[in-house]
Amino acid sequence: MIPFTQRVIELIHEIPRGQVCTYRQLAIMAGSPNASRQVAWILHSSSAKYDLPWHRVLNSKGNIVLSTEEGQLEQRTLLLREGVPFLSDFQVDLDQCLWHPHSIKK
DNA sequence: AAGGTGACTGATG
DNA sequence: GCATCAGCCACCT
């Protein structure tokens, strides 16, 4: 059985350029709908280690939510460079760029 | 083995 | 829309 963490990491790798995903969505796809905090924890602890496109992961409202200010700025820069549309400085337009891999239920 | 820790989320006032 | 609150869960000490 594939561990939850590895599952999430694989999913993040599948996020296409120019599109984004939410913590919750990843948790759902990884099989634990309510483990969004754990998804965040994974990003926090092993984004560099597994070479993840961590910048394509946002919270449920499409906001950039990082613990550090530098991180926020960096994420915004990376997303802008991929052509992701922003509604405001730190909020992307989920309607336009949310990743739809399969059917996601709410 | 028990308790702590998040880059979270939805409900509520 | 903003602030609080209380669930949530896999991983780390």
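Letters go in sequence order (proteins before strands), and every chain restarts at 1.
Put simply, CG on Leu66(A) is 13 Å from C1' on dG6(B), counting in whole angstrom units. The nearest whole Å value for the distance from the CD atom in Glu70(A) to the P atom in dA7(B) is 13 Å. Straight-line distance from the CZ atom of Phe90(A) to the C1' atom of dA7(B): 14 Å, rounded to whole Å. What separates CG of Leu94(A) from P of dT9(B) is a distance of 10 Å, to the nearest Å. Between the P atom of dA7(B) and the CG atom of Leu43(A) lies a distance of 9 Å, rounded to the nearest Å. Rounding to whole angstrom units, OH of residue Tyr23(A) and C1' of dT9(B) are separated by 12 Å. Between the P atom of dC8(B) and the NE2 atom of His44(A) lies a distance of 11 Å, rounded to the nearest Å. Taking atom CD of residue Gln91(A) and atom C1' of nucleotide dC2(C), one finds them 14 Å apart after rounding to whole Å.
Counting non-hydrogen atoms under 4.0 angstrom, Ser45(A) reaches nothing in the nucleic acid.
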Side chains of residues 28-46 of chain A: which donor-acceptor partners sit under 3.5 Å, not counting sequence neighbours?
residue  : atom : partner  : partner atom : Å
Ser45(A) : OG   : Trp41(A) : O            : 3.0
Ser45(A) : OG   : Ile42(A) : O            : 3.4
Ser46(A) : OG   : Ile42(A) : O            : 3.0

Do any side-chain atoms of residues 57-65 of chain A form donor-acceptor pairs under 3.5 angstrom with protein atoms, and if so which ones, sequence neighbours left out?
residue  : atom : partner  : partner atom : Å
Asn59(A) : OD1  : Lys61(A) : N            : 2.9
Asn59(A) : OD1  : Gly62(A) : N            : 3.2
Asn59(A) : OD1  : Asn63(A) : N            : 2.9
Asn63(A) : ND2  : Phe90(A) : O            : 3.0

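Side-chain atoms of Arg76(A) come within 3.5 Å of backbone atoms of Asp89(A) as a donor-acceptor pair (strictly under, hydrogens ignored). When atom types are taken as modelled, the side chain of Gln75(A) and the backbone of Glu70(A) share no donor-acceptor pair closer than 3.5 angstrom. Between the Glu82(A) side chain and the Arg17(A) main chain, no donor and acceptor come within less than 3.5 Å of each other.
Atom CD of Gln19(A) and atom CG of Leu79(A) lie 12.0 Å apart (nearest 0.5 Å).
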Can you tabulate the close N/O pairs, meaning under 3.5 Å, that link protein atoms to atoms of nucleotides 6-13 of chain C?
residue : atom : partner  : partner atom : Å
dG7(C)  : O6   : Arg37(A) : NH1          : 2.9
dA10(C) : OP1  : Ser32(A) : OG           : 3.1
dA10(C) : N3   : Gln38(A) : OE1          : 2.7
dC11(C) : OP1  : Thr5(A)  : OG1          : 2.7
dC11(C) : O4'  : Gln38(A) : NE2          : 3.3

